[in-house]
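Below: the structure, in structure tokens.
Both backbone and side-chain heavy atoms feed into the values below; hydrogens, waters and symmetry mates do not. The first residue in the sequence is number 1, and the count goes up from there.
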Amino acid sequence: HLDWATGTGRFLRNILSLIKGEIVTLEIDYATCVGLRDFLKKIRRYSKVTIIYGGARNMPLANNSIDSVSTWSGLDEPKVGKAIDESQRVLKKNKVLVASGLFFEENSKSLKVALKEGIEFGKKDKAYQYFKKLGFKDIDYKTFFEGKWTEGDSFLPRKGDCYASYAIAGKKSD
């Protein structure tokens with residue numbers, strides 16, 4: 001299993017017991033990789049996880065080599081389309097990519113900032129359209145939270161803007 005944009009492992013810690021084989025993480029920030037390694041050692045799960053210091057837009061993995069791919073909030077990264085392309089490249093045929101992110105209401109401050117920063121999937125249904133364009137099948141798209149952001153010092157979402165958290169999964173075509 002490959003998890004990219006792993007960060008400090010908030011999502012990873014929830015799937016450690018669900019994944020039977022090896023888990024490969026891909027994280028572009030070196031200090032975060034060190035923190036993740038220390039966390040995994042502390043909970044005695046380091047032997048199951050390989051941490052790769054690198055970016056998801058240029059994965060150092062062979063074509064069709066990964067059984068499943070995930071990213072928690074990775075769809076909120078700038079220029080994430082290349083990371084989705086790379087996920088499809090390394091994913092074996094008929095295997096699943098699962099991802100999540102946020103989308104923002106039309107004409108909101110949050111959407112304007114997202115688009116300015118190159119976060120393509122900040123618009124509703126954009127990730128679904130991209131998965132379809134790449135030929136993923138059995139696409140499942142669900143919104144699991146909608147709300148109004150109340151914190152004042154966050155980059156995204158912006159205070160007072162409505163946003164939604166969603167997840168999308170698709171199977172790589174034959």
Does a side-chain heavy-atom distance below 4.5 Å link P157 with L102?
-> yes
Separation between CD (E120) and CG (D76), nearest 0.5 Å, reads 11.5 Å
Table please: side-chain donor-acceptor pairs of residues 124-136 below 3.5 Å, with sequence neighbours left out.
from, atom 1, to, atom 2, distance (Å)
Y130, OH, G81, O, 3.4
Y130, OH, D85, OD1, 2.8
Y130, OH, D85, OD2, 3.3

Which pairs count as salt bridge (Lys or Arg N to Asp or Glu O under 4.0 Å) when at least one residue sits in residues 26-43, sequence neighbours excluded?
-> none
Under a 4.5 Å side-chain heavy-atom rule over Ile, Leu, Val, Met, Phe, Trp and Tyr, are F103 and I139 clustered together?
-> yes
If we only count heavy atoms from C-beta on, is the K82 to I84 side-chain gap below 4.5 Å?
-> no
Taken to the nearest 0.5 Å, the spacing of S87 OG from L2 CG works out to 6.5 Å
Hey, mind stepping through V49 and L16 against side-chain contact (heavy atoms from CB on, under 4.5 Å) and telling me if it holds?
-> CA-CA 9 Å; V49 180; L16 281 168; 3.7 Å; yes
Sort and list the pairs that fulfil salt bridge (Lys or Arg N to Asp or Glu O under 4.0 Å) and have at least one residue in residues 87-114, not counting sequence neighbours.
-> D67-K92, E86-R89
Side chain proximity check, L97 to K172, heavy atoms < 4.5 angstrom | no
F155: ring-ring contact (aromatic ring centres under 6.0 Å, His included) partners, not counting sequence neighbours | none
Spacing of E22 atom CD and K48 atom NZ [to the nearest 0.5 Å] = 10.5 Å
Heavy-atom side-chain contact between L111 and D161 under 4.5 Å | no
Examine distances only and state if a side-chain atom of E146 and a backbone atom of C162 form a donor-acceptor pair shorter than 3.5 Å.
-> no
In terms of heavy-atom contacts, K159 and E151 come closest through CB-O, 3.2 Å
Spacing of CD1 belonging to I51 relative to OG1 belonging to T6, to within rounding of 0.5 Å | 8.5 Å
Reported CZ-to-CG distance for the pair F11 and D3, which is rounded to 0.5 angstrom = 6.0 Å
Is there a path of hydrophobic side-chain contacts, each under 4.5 Å between heavy atoms of I, L, V, M, F, W or Y residues, that connects I168 with V98?
-> no
Y53 and Y30: ring pair (Phe, Tyr, Trp, His ring centres under 6.0 Å), yes or no, with the steps?
-> CA-CA 6 Å; Y53 167 54; Y30 183 75; 5.3 Å; yes
What's the spacing between L91 CG and N64 CG if we round to 0.5 Å?
-> 8.0 Å
Are any side-chain N or O atoms of S100 and backbone N or O atoms of S73, one a donor and one an acceptor, separated by less than 3.5 Å?
-> yes
Pairwise side-chain contact, S110 with W149, heavy-atom cut-off 4.5 Å (strictly under) = no
According to a 4.5 Å side-chain heavy-atom criterion applied to Ile, Leu, Val, Met, Phe, Trp and Tyr, with indirect links allowed, do Y163 and L115 form part of one hydrophobic cluster?
-> yes
Audit row: W4, I52, side-chain contact (heavy atoms from CB on, under 4.5 Å) steps and yes/no | CA-CA 9 Å; W4 53 267; I52 298 176; over 6 Å; no
Non-hydrogen atoms of L26 and G55 that approach each other most closely | CD2-O, 3.6 Å
Under the salt bridge (charged side-chain N to carboxylate O under 4.0 Å, His left out) test, residues paired with D174 that sit two or more places apart = K137
Y166 pairs by ring-ring contact (aromatic ring centres under 6.0 Å, His included) with which of F121, F104, Y141, W72?
-> Y141
Got H1 and S70 here, is their nearest side-chain heavy-atom distance under 4.5 Å?
-> yes
If two hydrophobic side chains count as joined below 4.5 Å and joins carry through other members, does L12 share a cluster with I66?
-> no
Side-chain contact test, heavy atoms from C-beta onward, threshold under 4.5 Å: evaluate it for I119 versus L156 and give yes or no.
-> yes
Can you tell if the side chain of T25 reaches within under 4.5 Å of the side chain of L36, non-hydrogen atoms only?
-> yes
Which residues share a salt bridge (charged side-chain N to carboxylate O under 4.0 Å, His left out) with K142, sequence neighbours left out | D140
Would you say L75 and F145 are hydrophobically clustered, going by side-chain heavy atoms of ILVMFWY under 4.5 Å?
-> no
